[in-house]
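First up is the structure itself, then whatever we jot down about it.
In what follows, chains are A, B, ... by sequence order, proteins preceding strands, each numbered from 1.
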Protein chains: 2
Amino acid sequence: MEDNFVPFRGIKNDLKGRLMCFKQDWTSGLRAGFRILAPTTYIFFASAIPVISFGEQLERSTVTLADGSITAVQTLASTALCGIMHSIIGGQPLLILGVAEPTVLMYTFMYNFAKDRPELGPKLFLAWTAWVCVWTAILLFLLAVLGACSFINRFTRVAGELFGLLIAMLFMQQAIKGLVFEFRVPERENANLPEFQPSWRFANGMFALVLSFGLLLTALKSRKARSWRYGSGLLRGFIADYGVPLMVLIWTAVSYIPGNNVPSGIPRRLFSPNPWSPGAYGNWTVIKDMLQVPVLHIIGAFIPATMVAVLYYFDHSVASQLSQQKEFNLRKPSAYHYDLLLLGFMVIICGLLGIPPANGVIPQSPMHTKSLATLKHQLLRNRLVAKARKCMTENGNLAEVYEGMQEAYQQMQSPLIHQEPSSLGLKELKVSSRIGNRDDPVDETMFDVEKEIDDLLPVEVKEQRLSNLLQSAMVGGCVAAMPLLKMIPTSVLWGYFGFMAIESLPGNQFWERILLLFTAPSRRYKVIEECHAVFIETVPFKTVAFFTIFQSIYLLICFGITWVPIAGVLFPLMIMLLVPVRQYLLPRFFKGAHLQELDAAEYEEAPPLSSCSMARQENEGSFADDGEILDGMMTRSRGEIRRMCSSKVTSCNATPARDSISVQSPRLSNKVYSPRVSEIKGESPSLGRGGSFGSRTAEARRSNLSKTHSFN
Amino acid sequence: MEDNFVPFRGIKNDLKGRLMCFKQDWTSGLRAGFRILAPTTYIFFASAIPVISFGEQLERSTVTLADGSITAVQTLASTALCGIMHSIIGGQPLLILGVAEPTVLMYTFMYNFAKDRPELGPKLFLAWTAWVCVWTAILLFLLAVLGACSFINRFTRVAGELFGLLIAMLFMQQAIKGLVFEFRVPERENANLPEFQPSWRFANGMFALVLSFGLLLTALKSRKARSWRYGSGLLRGFIADYGVPLMVLIWTAVSYIPGNNVPSGIPRRLFSPNPWSPGAYGNWTVIKDMLQVPVLHIIGAFIPATMVAVLYYFDHSVASQLSQQKEFNLRKPSAYHYDLLLLGFMVIICGLLGIPPANGVIPQSPMHTKSLATLKHQLLRNRLVAKARKCMTENGNLAEVYEGMQEAYQQMQSPLIHQEPSSLGLKELKVSSRIGNRDDPVDETMFDVEKEIDDLLPVEVKEQRLSNLLQSAMVGGCVAAMPLLKMIPTSVLWGYFGFMAIESLPGNQFWERILLLFTAPSRRYKVIEECHAVFIETVPFKTVAFFTIFQSIYLLICFGITWVPIAGVLFPLMIMLLVPVRQYLLPRFFKGAHLQELDAAEYEEAPPLSSCSMARQENEGSFADDGEILDGMMTRSRGEIRRMCSSKVTSCNATPARDSISVQSPRLSNKVYSPRVSEIKGESPSLGRGGSFGSRTAEARRSNLSKTHSFN
């Protein structure tokens, strides 16, 4: 794929692809109306709260900074600035930018280096970091122009999910650390204050436990409000959409209940200067000090710059990749190269302003995509529910209702100009025992319209730029709202960190495999039902277990490295190392077909014919030809067809119908729905329908291929 | 029913019935082996913890008592003594005895009366209560001999469930009160101690919140361990069986984590004297002071005695009734009259020993039955799982596996000598889509044996005396283990109170109807599926709502009365009042058929023929004869048959098949299974099978009738 290398081609392709849907990015966002506020506020909180916390962390680390300190004001400003830029002229608008933990670690390291050199010192620290940013940007430009992002497809699911879990662990670690510190005297504080007496410290710690666990548990519950049994649909929807911000508000209010019975410092709250307090805006003029930095240090800045560049390249691309996973069925193209180029520009701007740069963040970016999938789902559902209700009042039978919905669904699809009309359709309506026959008239007591439609809808994402723009603007608004933000107790923050860690887990196959190790053998089939984990049926459990244990050990090593004082910032290199490990080491221990199931690498999807025929032989034992496959389908009485051929086989088979033979779990939850897992009912397996699904799968592969091409 | 009244007949019938199964009560308990420990420890904790707490409450109320005080030692001793007596020679061994809240209220009231009379004073208080106990016992003897318990069947579901919910509210109130008091200085304590400084009080309160919510949430989670997905079946079973005591241990251990960082009084722990400390055993010799009580007061003791007698009569009988609800499918007869007689003896003994008497308690008694149902379920299941696995390894098909299980099930049934062989059988095996055809060989990856068998088993209870005896003995052991019990923090106690309140709710139809009021209309069908709430289909929602709101207001009035300082002890009278309200007032507002559904009163089940034919006419509008009923069954395509005739009609119809026509929810959870709700699959409604179910229902009715007869 990288044989005919042309510089700039990746950027050009990205720009071409995204420009085509640029207008639609805005109109589609605007058409969602006020509902866009649900994902916006959700991501705003997920974005702003860690940024504030990281800002405080930076402030603590750079406390001796003479003037122009780095505080939450600076991290918020950077996040807002980069976020607004990216949402307007960026490539992939699903990507969320923010000042992340690695940046904080990097800046802390650089500060510790600079403060001890008399020629730099705290005074010239920001000027020196401006040089680091300049070098970093140059390196990022080079990487973008030379098409380094085509390398991103080497980061397979294994690497991405390991990184995702690592970030979740770091968030959880921060939550636990934060809670433990609530019992201690903060370093810089006067230990003689009443609130730091042993009794009040203990009280503060216990209060923090109550607040953080309160937030964590209620926030987790509220996200599931849509499936609650109680309350009207409107209320449930509101709680599911805005529950997390609401809970932050509620628990902040709860923290004021003790009132005057406790000293003012209990519970501890966010501590950040107001942006208008003296000294808080000294860094904006850092550019005038840049030439005062000794030449040796200007050149030496190249060394940390390489590390930052590697880090940003990896972080930005993987965040983007995780927000564009196959499961989301995205329609619009990716823009890895162009986004990296833009990141370079943003790094320079931030450097010259003396603020730490922002880059693509995990888990916020995939959270953003997921919340937009929920939004799209709701928009589709509302239309479909209205249609179904209308059909039902006209006493239509089930088949008519379904047809009506199918039609409404197609109307909602506004295909992009450069794409063929979407062949994605509603899923097959399963006639459950409760509903009755297809030809019976349906009534609402038996047919829960909303629930049924949830099952019918495939995963789709409302891809637009508005939510990202709005959330960035709101982060910017936080700078002005600092006095309000300061009311939030730090313990609520730790609860929120825990919430983010837990929210990022579902859908992570690595995590699901870890859970599988602890699942009782007789209940493993449930994992198939609920997570669509095809590999459970196709890969022997021992192999899955071995693979997962290997991955877990690797994860623990990565996590351990983050604890090493300075070398810790190199932990992305460990994940980089996964690329050769995956490509050269793992195939020695695992069968190709199994690896394919557990970690479908795109670069392995179009193998040469020889290995394909080999794979074919491997599978011959079970089903020799199409006839037997159909037989196999017939013998299972209802809906249960195992995934008989792996995608390796199907990719060298011309019949599209073969593509569609896959497993379907009896009860489909409305979580992640992979396009490869399409539905065939065993009761009436028809090649005709299989064909239509096949074309859909083929289309999915085509779009994957086009993505792959755009890397070059 | 009360026309031919004969004294002693009720007692005689009870004795006859229970003597017949007396031996089986012991052998059956012993045959369960060590597994009997699961319900035993579960009930032991549920019994001992409130008794300890009530003991502390009594101690606080009778603080000026000169010698021979009433503390947790006395309440525990009374509970153990009465419990052991009742479990050995009592009638219904499912009934759990304990010193309950009403007794505590009564004793507090009597103490407040006595301490201000110079002729009695704290010194003669216990002697005077001994006289009260003597009078109470005489009244109880009279009630038992005169067959007052036949009146118990006037306490319909409405009264019992209202009382159950009231007790749950009182427990929850105690939990909340207890938590609030953790923030305050205890009355009798020296407020100058370090642990009562504002900071430590606040810290103690917050710690209490953490401990009590920790216990509550983990205990609730652990009860559901059996359906967890993770861990081996053995571990899950162990957690489900012993999770609650385990959690009390764990959270007690957690309370020691702060160690020396906090004053010794934080968190607050149980406070009770050791039984061997001086003055703690003064009451055992109260009998020698009895004649020192002035004659006027001996006679005057009759007045509180009437109140106590009414209270005990009601409390004891309703606790017994709630532990013998129809849903439990009990096989052995009740013994209301005899148990009341025995209670009289126990009241005298306790009175003469100077300890407060114990009586039947809610919610522990129904909790006991439920835990024994779980035990029986496990015993049956283990046998059936083994059988099914054996069949499966022999490559049997589904029908064979089912037959094998059916056979094993019948072997496990040891019919009592005086009963006809049980016609209870396994429920119909529903071929779910996952399992495959009846004739396919089944393998364990697809067929979760344990889960499927859970669905097949009807509710049955391991009726025996061993668990009650053991738990009473363990309560007795608590007296010696007082130094250990004192390690439990009071906050864990409050969490446990909350847990008991919540545990008593499921299965309470009143509670389920309250929830129904808040359920979104489109999700109401779920209530049918999960709670087998037949009334949702047969009674208009408005009627259900009106009925529930009436009941809720009544409940709130009862709850309000408990707050009235002295008249509060009369709250059982309010519930007594429900009898005429239910019998004469409610039928004016609600249709008979609807009342029957919401609150099946036994005394309305065998009405004279005239009213029956009237009821028949009422129903004629919908279905005139058997033919139409079958038609009605056919029109529903699958599994959905409404309960077409109320039991009022069926009771005057000779065809047993009519009895069995009832609704079956598509997915049966293994919760409460009413014998009236039997299963008919719409796909093949056969009178033959209906007949077998009919005979089972008829048998259930017969046993009900025999119960009714034994009241006279």
- request: Side chain from CB out, backbone as N, CA, C, O: work out which of these in A/I266 comes under 4.5 Å of a heavy atom of chain B, or both, or neither.
  value: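 The side chain, not the backbone.
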
task: Please look at A/L515 and chain B and tell me whether the side chain, the backbone, both or neither of the residue comes under 4.5 angstrom of a heavy atom of that chain.
output: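 Contact with chain B involves both backbone and side-chain atoms of A/L515.
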
message: Does B/F518, at its CZ atom, have more than 12 non-hydrogen atoms belonging to other residues, nucleotides or ligands within less than 6.0 Å?
response: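 Incorrect, the count does not exceed 12.
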
- prompt: chain A heavy atoms under 4.5 Å from B/L217: which part of the residue, side chain, backbone, both or neither?
  reply: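 B/L217 touches chain A through side-chain heavy atoms alone.
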
message: Could you go through A/T548 and A/L516, starting from their C-alpha distance and side-chain angles, then the distance that decides it, and tell me whether this counts as side-chain contact (heavy atoms from CB on, under 4.5 Å)?
response: CA-CA 9 Å; A/T548 307; A/L516 189 69; over 6 Å; no

- prompt: Cut-off 3.5 Å, side chains only: do A/Q197 and B/S199 have a donor facing an acceptor?
  reply: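 No, because no side-chain N or O of A/Q197 sits under 3.5 Å from a partner of the opposite role on B/S199.
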
query: Just checking, is any N or O donor in the side chain of A/S491 or A/W251 under 3.5 Å from an acceptor N or O on the other one?
result: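 A/W251 and A/S491 do not have a side-chain donor-acceptor pair below 3.5 Å.
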
